[in-house]
Amino acid sequence: MRIATWNINSIRTRVDRVLAFLERSEVDVLALQETKCRDDQFPTAPFEEAGYHLAVHGLNQWNGVAVISKYPILEVQIGFPGQPEFREVVEARALGVTVDSPAGPLTVWSLYIPNGRELDDPHYTYKLDWLAQLKSAATGWLTTDPNALIALVGDWNVAPEDVDVWDMGFFEGKTHVSPPERAAFAAIGEVGFTEVTRPLVTNYTYWDYQRLRFPKNEGMRIDFVYASPALAKRVSAAEIDRNERKGKGASDHVPVIVDWD
DNA sequence: ATGACCGCGATGCGCGGA
């Protein structure tokens, strides 16, 4: 079985790329971030015609998350309990979808962690709070069912280790690498979840559109998969589809794929 | 070649992205 996460940077401009990816990768459950459209604007038909089930959550042209699944959808959760607001709005950054997998119910949370913008920006404190509240919610899920199959996947907007950026000097004084962000990311691993891709694959997952970042391989590793104990012990392989960054009309992120038995 | 930002909504630019 295969799950994947991909910050798509507008679903409407990349329907064909997503369909092609699903076909060649044989992913069963795909979590998307930055769909950049309202629910009524989401191009669901081409995916439904290809035999997939969808859950989408978008409020406007910003953010937006979705899950596309070969397995039937059993439950959909819009946002997580305690998800913080920004400017009095709970943004479309979290969607929990429970699907009927061959191994039983599997819950995939498609997560788009706030960017943070600058270290002195209110968005930065929002980001830290968002991650802290996610940790609390995740703790609750494991308390409710320690054996649950849960994947917390998405664009975490944190480069947890120095090797996850091409030049630490470039990031001095910037977001994504600051100790508080890294601590908030690591804290998800302190409540029973395991980041399962790092031991299995090495690559960046994001390259800025500007300044020839991709041809020069000046990227960042910021897309990750945290698995619950029951799921983590079944994970057998991971892949970062770097080729998806090539060519005209690529997202600036590439898919991160996890195989499990 | 993988190549010098992109997508959105609103209008001809500003915001957000990281």
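Because the structure is a prediction, the values reported are computed rather than measured. Order of the sequence lines sets the chain letters (A, B, ...), proteins ahead of strands, with each chain counted from 1.
Mapping A:N217 and A:M220 onto DNA chain B by nearest heavy atom places A:N217 closer to the 5' end of the strand.
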Could you tabulate the donor-acceptor pairs under 3.5 Å formed by side-chain atoms of residues 59-67 of chain A, not counting sequence neighbours?
{"unit_1": "A:N60", "atom_1": "OD1", "unit_2": "A:W62", "atom_2": "N", "d": "2.8"}
{"unit_1": "A:N63", "atom_1": "OD1", "unit_2": "A:R93", "atom_2": "NH2", "d": "3.2"}

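As a whole-Å value, the separation of A:E181 CD from B:dA18 P is 12 Å. Distance CZ (A:R38) to P (B:dC8): 12 Å, rounded to an integer number of Å. B:dA18 atom C1' lies 14 Å from atom CD1 of A:I113, rounded to whole Å. For A:R87 and B:dG16, the CZ to C1' distance is 11 Å, given to the nearest whole Å. Between A:N243 atom CG and B:dA1 atom C1' there is a gap of 12 Å when expressed in whole angstrom units. Distance, A:D252 CG to B:dC8 P: 13 Å, rounded to whole Å. Nucleotide B:dC13 holds its P atom 19 Å from the CD atom of A:Q61, rounded to whole Å. Between A:L59 atom CG and B:dG9 atom P there is a gap of 14 Å when expressed in whole angstrom units.
Note on A:R234 versus A:D261: no salt bridge recorded, every NZ/NE/NH1/NH2 to OD/OE distance being 4.0 Å or above. At a threshold of 4.0 Å, the pair A:K70-A:E26 does not count as salt-bridged, since none of the basic side-chain nitrogens sits closer than that to a carboxylate oxygen.
Contacts of residues 115-124 of chain A with DNA chain B (heavy atom under 4.0 Å): A:N115, A:R117.
Taking atom C1' on both nucleotides, B:dA4 is separated from B:dC8 by 23 Å, rounded to a whole Å. For B:dG14 and B:dA10, the C1' atoms lie 10 Å apart once the distance is rounded to whole Å. Using P as the reference atom, B:dC6 and B:dA18 are 15 Å apart when rounded to the nearest Å.
Across all strands, A:F170 comes closer than 4.0 Å to no nucleic acid atom at all (heavy-atom distances). Using a 4.0 Å heavy-atom cutoff across all strands shown, A:N60 reaches no nucleic acid atom at all. In this structure, A:R93 reaches the sugar-phosphate backbone alone: every heavy-atom distance under 4.0 Å involves primed, P, OP1 or OP2 atoms, never a base. Among the protein residues, A:Y206 comes within range of the sugar-phosphate backbone only, with heavy atoms under 4.0 Å from sugar or phosphate atoms but none that close to a base.
Residues in residues 180-194 of chain A take part in these side-chain hydrogen bond (donor to acceptor under 3.5 Å, both in side chains) pairs, two or more places apart or across chains: A:K127-A:E181, A:D162-A:R182, A:S178-A:E181. Pairs passing the side-chain hydrogen bond (donor to acceptor under 3.5 Å, both in side chains) check and including a residue from residues 213-224 of chain A, sequence neighbours excluded, read A:T197-A:R221, A:T205-A:D223, A:W207-A:N217, A:R213-A:E218, A:N217-A:R242, A:D223-A:H253. Evaluation of the side-chain hydrogen bond (donor to acceptor under 3.5 Å, both in side chains) test over residues 37-57 of chain A, restricted to residues two or more places apart or in two chains, returns A:R38-A:D40.
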| query | A:E34 and A:Y112: side chain to side chain donor-acceptor pair (under 3.5 Å), yes or no, with the steps? | reply | CA-CA 7 Å; A:E34 279 211 88; A:Y112 179 43; 3.3 Å; yes

Using the 3.5 Å cut-off, write out each protein N or O paired with an N or O of nucleotides 3-7 of chain B and the distance between them.
{"unit_1": "B:dC5", "atom_1": "OP2", "unit_2": "A:R211", "atom_2": "N", "d": "2.9"}
{"unit_1": "B:dC5", "atom_1": "N3", "unit_2": "A:Q210", "atom_2": "NE2", "d": "3.4"}
{"unit_1": "B:dG7", "atom_1": "OP1", "unit_2": "A:R14", "atom_2": "NH1", "d": "3.4"}
{"unit_1": "B:dG7", "atom_1": "O3'", "unit_2": "A:S10", "atom_2": "OG", "d": "3.2"}

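When A:T5, A:D155, A:N7 are each tested for a side-chain hydrogen bond (donor to acceptor under 3.5 Å, both in side chains) with A:Q33, only one passes: A:T5.
In terms of heavy atoms, A:S228 sits closest to A:L142 at CB-CD2, 4.0 Å.
Ring-plane geometry between A:W130 and A:F80 is classed as perpendicular, the angle between the planes exceeding 60 degrees on a 0 to 90 degree scale with a lower cut at 30.
Phosphate proximity of B:dA18 to A:H253: present, with a side-chain N or O under 4.0 Å from OP1 or OP2.
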